[in-house]
2 protein chains.
Amino acid sequence: MNTRVARATISDVAKAAKTGKTSVSRYLNGEQHLLSDDLKARIEFAIKQLDYRPSQMARGLKRGRTRLIGLIIADITNPYSVDILSGIEAACREKGFTLLMCNTNNELDQEQHYLDLLQSYQVEGIVVNAVGMNEEGLNRLQQSALPMVLIDRKIPGFACDVVGLNNAKATKEATEHLIQQGFEAILFISEPTGTVNTRRERLDAFRQTTSQHQGVAAENAQAPLHDASQIDDILRNFHSRYRGMRKAIISANGSLTLQVARSLRRVGLNWGSDIGLLGFDELEWAELAGVGISTLKQPTWDMGYCALNQVISRIEGDKSSIKESTFDGVLIIRGSTSC
Amino acid sequence: MNTRVARATISDVAKAAKTGKTSVSRYLNGEQHLLSDDLKARIEFAIKQLDYRPSQMARGLKRGRTRLIGLIIADITNPYSVDILSGIEAACREKGFTLLMCNTNNELDQEQHYLDLLQSYQVEGIVVNAVGMNEEGLNRLQQSALPMVLIDRKIPGFACDVVGLNNAKATKEATEHLIQQGFEAILFISEPTGTVNTRRERLDAFRQTTSQHQGVAAENAQAPLHDASQIDDILRNFHSRYRGMRKAIISANGSLTLQVARSLRRVGLNWGSDIGLLGFDELEWAELAGVGISTLKQPTWDMGYCALNQVISRIEGDKSSIKESTFDGVLIIRGSTSC
DNA sequence: CTGTTAGCGCTTTCAA
DNA sequence: TTGAAAGCGCTAACAG
């Protein structure tokens, strides 16, 4: 038994099996039909004996195929992202790829940094679930011609596969549910839309849907996620302005819904009785919060799974034109909108 | 301008800068003081010009230093793990390491698979936040002598750095809080303890603490996380058995607290009024669930951060004896235990 | 200060 | 069927 700490290399195996590296390599790469049974057995034994595992580094260097996929994620703390991640992860496992995970913490320069990093590790493809992307980053990326798919976000002028929610349809469904429940004033609240297409699309659909219904007052407000007092103001204001009417809030994403719920608590409004509340993204605690919070659940896992399979199909040479995969959301009605 | 898709290599840069690879390598590795200003400038220009980024694969192969750290995580869906991850991530970024993230989905064979994988990518260290580990895995790991730290879990007979909560102290604090609040019957509920030392330690501390207080009935129960009906039974049973007394539940971890809260809803008990409830691990929604749920918050971020720094210090040659870092929890009192 | 050379562990012609 | 040898992109002696 070998007591060295260093790992066995292919040469060690070859030596132990009394053969050349080539045969070992063949053995490893499924070209076993080319090997005699005897040789095969020797190699197998040597590998087991030495506890040999080929170096992916060397392999990657040689073949250019690292079997690595880069994932850029805006905020690992966000349950939405985590669900996506979970689907990506499953697909990776299935397909024999490994994830290089990068959390940008919502910072643009981190995003850039990680993009570089991923390239330097020669990832074969990239999945991005991030905030935005500056021009320099885009150029580099486009020029690198690395297979890439964007989740939940399109970037204007950047042709690239995308997977996301059918925002128009989902928003319409959510809004109509509220109208049907008899809410007369609806506030759509989101983080500052900026160039984030998801927020824009949802807002637009909200406006369009409400505009088709007489007598429904539609409002919208934007606030940074962590500006509690601004959110308080918005909600208080909305509530007092429509005194005497049935009011509801739509929150554009899960993290925001949490903040909105906290804010409602602070300003002393109860969802369900004082005001309606519906949030995009399912929350594990939605049913436990008071009378429950209605949500629009995205099939996050499937989206992640789909995204990864999409990159892989590109990696494997799929040259078809840009693909946009959209998924339908599911409205989950709870006490906050069924009063 | 070069239109090839292939990335520039160090040779390309050397050629463009009219020099040898060595100088470029020196430039890249901070030995710039050895280079003349002129040469430095030429190299710098060439690098920019070619948008050159060194291949970590080749580097890793050559130096054996991949700057990669493997992370094995039991369940990426668990908010506790995610917080830890977040701290780990921050430390990585600071120290210039990259994470290879592996989610085992609580499956033991996945754990093994990933352990192999990480080695084959020549990670320089491993952080494990996982369920358990079978013997084969342990042996391989021990023999590979790869720096490793375990989070929130000790493995009997496996000498390795550990970071975790001061379970005894935290449990004592939580239990005494309940006693002080006048609860007369306390149920400690956890997932089946098995060999998981964390669960054991908490349960032991619970028993010890309650045994020191006259007139407090201490119970404990174990249920798999996803066996809803069993949890229902346990709670119903506990509640009816101590009819007329003030009762409280301690849940041994955050995921379980969620299930317990759901169960209480189902069986029609309200935390705060009908029964006390306190859970290990802070929950973002704790304050929103009815009167709020008291929690014992772990400094998860710091724990992750600490763990990573510990591996790095080992990577950098720290040969000191096994280190065990324990952190104190913080009791956050909300309505569920202050009735 | 600078460049040449020999590998790191692997795959892949190319010959036997 | 098998193996020797070249070389992926990089670093690290070793010479100038």
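The sequence lines fix the lettering, A, B, ..., with proteins before strands; numbering per chain opens at 1. Just so we're clear, the structure is a prediction, and the values are computed from it rather than from any experiment.
- Each end of the helix from C:dC1-D:dG16 to C:dA16-D:dT1 gets its own axis, taken as the rotation carrying the C1' atoms of four end pairs onto the next four within a five-pair window, and the two axes meet at 40° to the nearest 10 degrees.
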N/O donor-acceptor pairs under 3.5 Å from side chains in residues 82-91 of chain B, not counting sequence neighbours:
{"unit_1": "B:Asp83", "atom_1": "OD2", "unit_2": "B:Thr300", "atom_2": "OG1", "d": "3.4"}
{"unit_1": "B:Glu89", "atom_1": "OE1", "unit_2": "B:Arg93", "atom_2": "NH2", "d": "2.7"}
{"unit_1": "B:Glu89", "atom_1": "OE2", "unit_2": "A:Asn103", "atom_2": "N", "d": "3.3"}
{"unit_1": "B:Glu89", "atom_1": "OE2", "unit_2": "A:Tyr114", "atom_2": "OH", "d": "3.2"}

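- Shown here are the salt bridge (Lys or Arg N to Asp or Glu O under 4.0 Å) partners of A:Asp318, two or more places apart in sequence or in another chain: A:Arg314.
- Atoms CZ and OG1, on A:Arg153 and A:Thr198 in that order, are 4.5 Å from each other to the nearest 0.5 Å.
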Open item on the list: At under 4.0 Å between heavy atoms, how does the protein contact nucleotides 6-13 of chain D? Give one character per nucleotide, 5' to 3', with B, S or -.
Closed with: -BBBBBBB
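- Residues meeting the ring-ring contact (aromatic ring centres under 6.0 Å, His included) test with A:Tyr305, sequence neighbours left out: A:Trp301.
- The distance between atom NZ of A:Lys18 and atom P of D:dT2, rounded to the nearest whole Å, is 16 Å.
- Residue pairs meeting the salt bridge (charged side-chain N to carboxylate O under 4.0 Å, His left out) criterion with at least one partner in residues 56-82 of chain A, sequence neighbours excluded, are A:Arg67-A:Glu124.
- Mapping heavy-atom proximity under 4.0 Å, the span of DNA chain C touched by chain A runs 5' to 3' from C:dG9 to C:dC14.
- Residues meeting the side-chain contact (heavy atoms from CB on, under 4.5 Å) test with B:Ser81, sequence neighbours left out: B:Ile73, B:Asn78, B:Asn129.
- The shortest non-hydrogen separation linking B:Ile69 to B:Phe97 is CG1-CD2, 3.4 Å.
- Residues from residues 33-41 of chain B placing a heavy atom under 4.0 Å of any atom in DNA chain C, listed by number, are B:Leu34, B:Leu35, B:Ser36, B:Leu39.
- The side-chain contact (heavy atoms from CB on, under 4.5 Å) test applied to B:Gln32 returns B:Tyr27, B:Lys40, not counting sequence neighbours.
- No donor-acceptor pair closer than 3.5 Å links the side chain of B:Asn29 to the backbone N or O of B:Arg26.
- Applying the side-chain contact (heavy atoms from CB on, under 4.5 Å) criterion to A:Lys154, with sequence neighbours excluded, gives A:Val162, A:Asn197, A:Glu201, A:Glu324.
- Residues satisfying the side-chain contact (heavy atoms from CB on, under 4.5 Å) criterion with A:Thr98, sequence neighbours excluded, are A:Leu68, B:Leu100, B:Leu117, B:Tyr121.
- Checked for salt-bridge contact, B:Asp116 and A:Arg53 meet the test: a charged N lies under 4.0 Å from a carboxylate O.
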